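All remarks here apply to the structure that follows.
All of these numbers come straight from a predicted model, not from anything done at the bench. One-based numbering, in listed order, for ligands and for the atoms of each.
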Amino acid sequence: EELWKNATVCFKTGTRTRFKIRDYLIPVRVSGLSVSYLDVTGHNGGLQGSNSSGHQKKDKEPSMASNIYEMIKSIKKPPRSVAEEIVQHVESSDQVEKIEIAGPGFINIFLSRHYAIGCLKDILLSGVKLPSLEKRLRVVVDFSSPNVAKEMHVGHLRSTIIGESLSRLLEFLGHDVVRVNHIGDWGTQFGMLIAHLQDKFPNYLKESPPINDLQEFYRESKSRFDKDEDFKKRAYQCVVKLQNFEPDHTKAWKMICNESRKEFNKLYERLDITLTEKGESYYQTRMVELVKTYADEEELAYIPNFIETDENGRKVMYGHPNDPIPLILVKSDGGYTYDTSDMATIKYRVEEEKADWIIYVTDAGQAMHFEILQNCAKKIGILDDTKVRVDHVGFGVVLGEDKKKFKTRSGETIRLADLLDEGLRRSLVKLKEKERDKVLTPEELQAAQEAVAYGCIKYADLMHNRGNDYVFSFDKMLDDKGNTAVYLLYAYTRIRSIARTARVTPQQVQEAAATVPISLDHDKEWKLAKVLIRLPEVITRVTKSLCLHQLCELTYDIATAFAEFYDNCYCLEKDSAGDIVKVNMGRILLVEATACVLRKCFDILGLKPVSRM
Ligand code: ARG
């Protein structure tokens, strides 16, 4: 990343980096991983260098690429001589061992082993470090956000898992992260819930009602709402009273929310999720304010106005002429919508919470909503997208093994608590199959069971490109041979056990890191080292794409590179009696550096390593 910022030639750490010169356009192939363009002027540094605000301008790259194309075209030289000229201009760097030109004009850049060794020692001596921040940003991550009284479904589970990991990543980078649970705790459904509560538990103001199945309660009130006109009318009155903060209705509402909250929190605790609740209800007065400011009939005459009343009597606004549907700020009955609340929320986050970056983690189905919201917020001057970065982190649907929407056999939505229980049950079966119950203490067994169950569910979600739908399969995610959390957790415990077997203490590792050389002469040592030092680069990429599968790929690559290394390179030598006669300290250092990097990946992905499993 340093080179990307200020070197003439840009490269990333891979085996070889090819600047392929073809048709005078120079696509830079970086270890076959990402494609960028080489800046041959040397003035701008790497085209992929991060820009100062951390802000993405999607249309930037193609135009730079075409500039380069124009420029190169004007050189009118055969590719090989362009390559030669480029190579002559490359400044020497401690990261580069040598540069070679091959074939019709490939430029191969070889990473320096000496440099890699330095990186590994740094990891051992001062911990895993990430790219330093140009500016510490205040980032609001809006995730999980289930709806009160309605079921929390697998979509919310995805949002919870992805949001948690993104928050961890951004915190780890040093940003000031505000984790918000924007729960759906406001809106018309509360009218019928409160009316039903009043009928079913008339004594609710004095005695806390025993609602133990809130979803059932929701279904009952919904069916009354749909069938009974009088009930419907009362429900509407209840909404109005609630929105005017009438005390008894507020109390009823609080009771209902509390029931939901209890359920949500159990789940967050199990999955180790940290979240602060600030639900839709928080914005009620701000919605009133917003509508007054931007959609008040009397004001209309005096200020430039973007809000119009449509043929249905709704107050709507178009953020962009191409937006297929408008943002609905006020319904024909005067009520507010999801749009109104999100508009008030974005205003609050920018103006009061002073966010530099807002991230919404929801299903991809809401992409249009957030697009329109941003357009409208920009139009009325709430959002300046040169100052505030806004991302909708959308994700696909969770499918069952039959490739249909994930449901129970009887076609109902799967309760998340049941899903986690099932994961626990299956992970225990797996551990027992391997007879781990005979080796581990009951506490260790339980820790392993939970780490495997919850780790698998999280990792299976994160390892898929979030934009795609993915098939939820316990069999797959609990397979200890594939790219799964179980495999990674086993790999980690094995790595951790090596120094222990060699009786090398952490203290000795520290001392050795300062004095003992690490050799990367063996192919497998070199391969492992190269994958280990890629973490900062991958993190930078994930920070832009907000796609955590890229980090999962690296994590898996580390685990497999380690397995190859360990199969081929002895760290310890034992005699015929099985006693250790020699410890290769340099390799132990490589092992320990692997543990450090893997641990960091686990921390971001939310995997809990166990010491024994
Ligand atoms: N409650 C919404 C849902 O269940 C998600 C809310 C996401 N956040 C937001 N600011 N709209 O789909």
- line: d(Q374 CD, K379 NZ) to nearest 0.5 Å is 15.0 Å
query: At a 4.0 Å cut-off, with the gap strictly under it, does some heavy atom of T362 reach an atom of ligand 1?
result: yes
message: Within the structure, is a non-hydrogen atom of H369 found at a distance of less than 4.0 Å from ligand 1?
response: no
- prompt: Looking only at distance, does E280 have an N or O less than 3.5 Å from an N or O of ligand 1?
  reply: no
message: Does ligand 1 come near enough to D363 that some N or O of the ligand is less than 3.5 Å from an N or O of the residue?
response: no
- line: In this structure, atom 12 (O) of ligand 1 is nearest to the protein heavy atom Q366 NE2, 2.9 Å
task: Select one of side chain, backbone, both or neither to describe which atoms of Y283 lie under 4.0 Å from any atom of ligand 1, heavy atoms only.
output: neither
task: Go through ligand 1 atom by atom and flag the ones less than 4.0 Å from a non-hydrogen atom of Y360.
output: 10 (N)
Shortest protein heavy-atom distance from atom 6 (C) of ligand 1, along with the residue and atom involved: Y338 OH, 3.2 Å
query: Going by atom types alone, do R234 and Q198 pair a side-chain donor with an acceptor below 3.5 Å?
result: yes
message: Classify the ring geometry of H196 against F217: parallel below 30°, tilted from 30° to 60°, perpendicular beyond 60°.
response: tilted
query: Hey, is R219 close enough to E216 for a salt bridge, meaning N to O under 4.0 Å?
result: yes
Closest approach of any protein heavy atom to atom 1 (N) of ligand 1, naming residue and atom: N147 OD1, 2.8 Å
- request: Over 60° means perpendicular and under 30° means parallel, so classify the ring planes of H153 and H156, tilted if in between.
  value: tilted
- prompt: How far apart are the C-alpha atoms of K347 and Y294, what are their side-chain angles, what is the distance that settles it, and do they pass the side-chain hydrogen bond (donor to acceptor under 3.5 Å, both in side chains) test?
  reply: CA-CA 12 Å; K347 188 168 192 287; Y294 298 99; 4.7 Å; no
query: Salt bridge or not for E229 and K233, using N-O below 4.0 Å?
result: no
message: Quick check on F143 - does any of its heavy atoms sit under 4.0 Å from an atom of ligand 1?
response: no
message: Could you check whether T555 and Y459, counting side-chain N and O atoms only, form a donor-acceptor pair closer than 3.5 Å?
response: no
- prompt: Heavy atom under 4.0 Å from ligand 1: found in H156's side chain, backbone, both, or neither?
  reply: side chain
